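We use all heavy atoms of the structure for the numbers below, so side chains are in, but hydrogens, waters and symmetry mates are not. Every chain is numbered from 1 and lettered A, B, ... according to where its sequence line falls, protein lines coming before strand lines. Note that this is a predicted model, so its numbers are computed, not measured.
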There are 2 protein chains.
Amino acid sequence: MSAASTPEPAGLSRRDELLAIAGGLFAERGFKNTTVRDIADAAGILSGSLYHHFDSKESMVDELLDTFQTELWKQYDAIEASDLTARGKLEAVVRASFEAIGEHRNEVAIFQSDALYLATFERFGYLIERNRKFRTLWTGLLEAGVASGELRADLDIALVYRFLRDTVWVAVRWYRPGGTLTPADVADQYLTILLQGIEKESR
Amino acid sequence: MSAASTPEPAGLSRRDELLAIAGGLFAERGFKNTTVRDIADAAGILSGSLYHHFDSKESMVDELLDTFQTELWKQYDAIEASDLTARGKLEAVVRASFEAIGEHRNEVAIFQSDALYLATFERFGYLIERNRKFRTLWTGLLEAGVASGELRADLDIALVYRFLRDTVWVAVRWYRPGGTLTPADVADQYLTILLQGIEKESR
DNA sequence: GTCTATAGTATGATAGAC
DNA sequence: GTCTATCATACTATAGAC
């Protein structure tokens with residue numbers, strides 16, 4: 001119970017530190033494009049030393065993605081189980097996703113650019129499954145919104161889903177925390193565009 | 001003038017054929033992730049034989065991207081020079097971009113996933129320049145649309161630009177020609193969402 | 001926890017025969 | 001235009017000393 005000989009006395013263990021460094025590089029230049037030497041260099045050690053902490057390069061990205069997705073789904077599940085209306089849930093889910101971009105940029109970026117490639121290995125099969133679950137959740141909310149009359153009925157749901165999904169996650173490519181826009185600001189503007197459009201006088 | 005001994009008697013030269021094969025692989029699994037052996041295998045030859053047609057793997061992707069961008073910009077320039085209103089130009093540019101996704105999926109996909117990496121080499125410096133030109137064009141149209149009263153004035157232009165840019169180009173990830181939706185159909189739906197939103201009763 | 005040293009493999013590219 | 005053969009390099013990963 002005391003801080004006697006725990007591995008993380010102050011905060012980040014060396015292992016977590018290395019994982020964060022790897023995450024930054026994977027996000028910036030891609031998984032395949034980042035060598036174990038790059039990671040070791042950035043950490044100020046030699047590449048062989050990395051293997052004292054991790055089995056393989058794949059293990060690193062696996063741990064990053066899995067941890068992140070587990071956390072994100074806790075939030076999605078809570079929203080889904082809430083008593084908000086369909087539209088309210090949709091907004092909440094969009095906001096939670098932008099928050100995730102703010103707090104876990106690296107993981108989101110890695111998922112965006114490397115998930116398709118990684119999913120070809122059975123080890124990363126969970127990525128495909130989570131993706132399906134994600135589509136089910138979002139599409140379901142859109143359908144419920146149309147059914148409840150909150151959303152217009154003349155649009156192709158599958159297409160709106162892809163539009164929505166892409167607009168949210170692709171923001172990781174340009175969003176940088178610490179600027180003038182908080183994730184909540186971006187979510188507000190995106191939701192305004194998505195819900196009301198950019199046209200001046202409409203309908 | 002006759003078809004006597006021209007290199008492309010029927011249509012695609014062997015070189016173009018190989019370039020198309022490489023483009024498909026680059027688009028599908030990424031530039032770095034595609035080896036020259038992969039390309040040669042897909043073409044039914046050995047990797048060394050590729051170098052009879054091309055200097056390097058980089059030359060291949062360079063030729064694909066440069067050719068495509070030159071063609072696309074011919075269209076953008078024509079739209080910019082037309083006498084459409086700002087909003088009309090914006091719609092035309094969006095439609096032209098979706099057409100490009102329909103006709104040059106590989107090149108768009110490669111640009112989307114590898115341009116950032118490729119741009120780190122001076123050889124691909126033109127990618128950065130074209131990107132800037134692109135932003136200038138689209139942002140200018142948005143500003144003109146606000147000025148003319150066609151578009152609402154309460155949104156952050158830089159953010160709307162990124163929203164628009166990303167939603168258009170990211171569609172290459174899922175759009176497949178030959179399905180029920182033509183590029184024009186997708187452009188229609190996207191423009192409807194973008195201009196009017198998905199909310200039932202708004203404003 | 002990091003280093004030295006290195007194995008084993010994959011990769012981009014070249015030279016010359018056919 | 002393709003093949004055979006191969007080089008030089010870069011990569012992931014391992015074994016054992018410190």
Between [atom2] of [N] and [atom1] of [X], the distance in whole Å:
X	N	atom1	atom2	value
Arg37(A)	dA13(D)	CZ	P	11 Å
Lys57(B)	dT9(D)	NZ	P	19 Å
Glu58(A)	dA13(D)	CD	P	7 Å
Tyr51(B)	dC7(D)	OH	C1'	13 Å

Distance-only side-chain donor-acceptor flag, Tyr51(A) / Ser56(A), under 3.5 Å: no
Mutual orientation of the aromatic rings belonging to Tyr190(B) and Phe163(A) [parallel < 30°, tilted 30-60°, perpendicular > 60°]: perpendicular
Sugar-phosphate, base or nothing in reach of Ile45(B), heavy atoms under 4.0 Å: sugar-phosphate
Sugar-phosphate, base or nothing in reach of Ser59(B), heavy atoms under 4.0 Å: nothing
Sequence neighbours excluded, every pair satisfying side-chain hydrogen bond (donor to acceptor under 3.5 Å, both in side chains) that has a member inside residues 120-131 of chain B: Ser59(B)-Arg123(B), Asp62(B)-Arg123(B), Asp62(B)-Tyr126(B), Gln69(B)-Arg130(B)
Check: Glu107(B) side chain, Leu64(B) main-chain N or O, donor-acceptor pair, under 3.5 Å: no
Axis deviation across the helix from dG1(C)-dC18(D) to dC18(C)-dG1(D), five-pair ends, to the nearest 10°: 10°
In plain terms, say whether [X] and [Y] are close enough for a salt bridge, that is, a side-chain N and a carboxylate O under 4.0 Å apart.
X	Y	answer
Glu91(A)	Arg95(A)	yes
Arg15(B)	Glu63(B)	yes
Arg14(B)	Glu17(B)	yes

Stacked cation flag Lys32(A) on Tyr117(A), 6.0 angstrom / 45 deg: no
Residue whose closest nucleotide on DNA chain D lies nearer the 5' end, Ser47(B) versus Arg15(B): Arg15(B)
For chain A, the stretch of DNA chain C it reaches, first to last nucleotide, under 4.0 Å of its heavy atoms: dG1(C) to dT4(C)
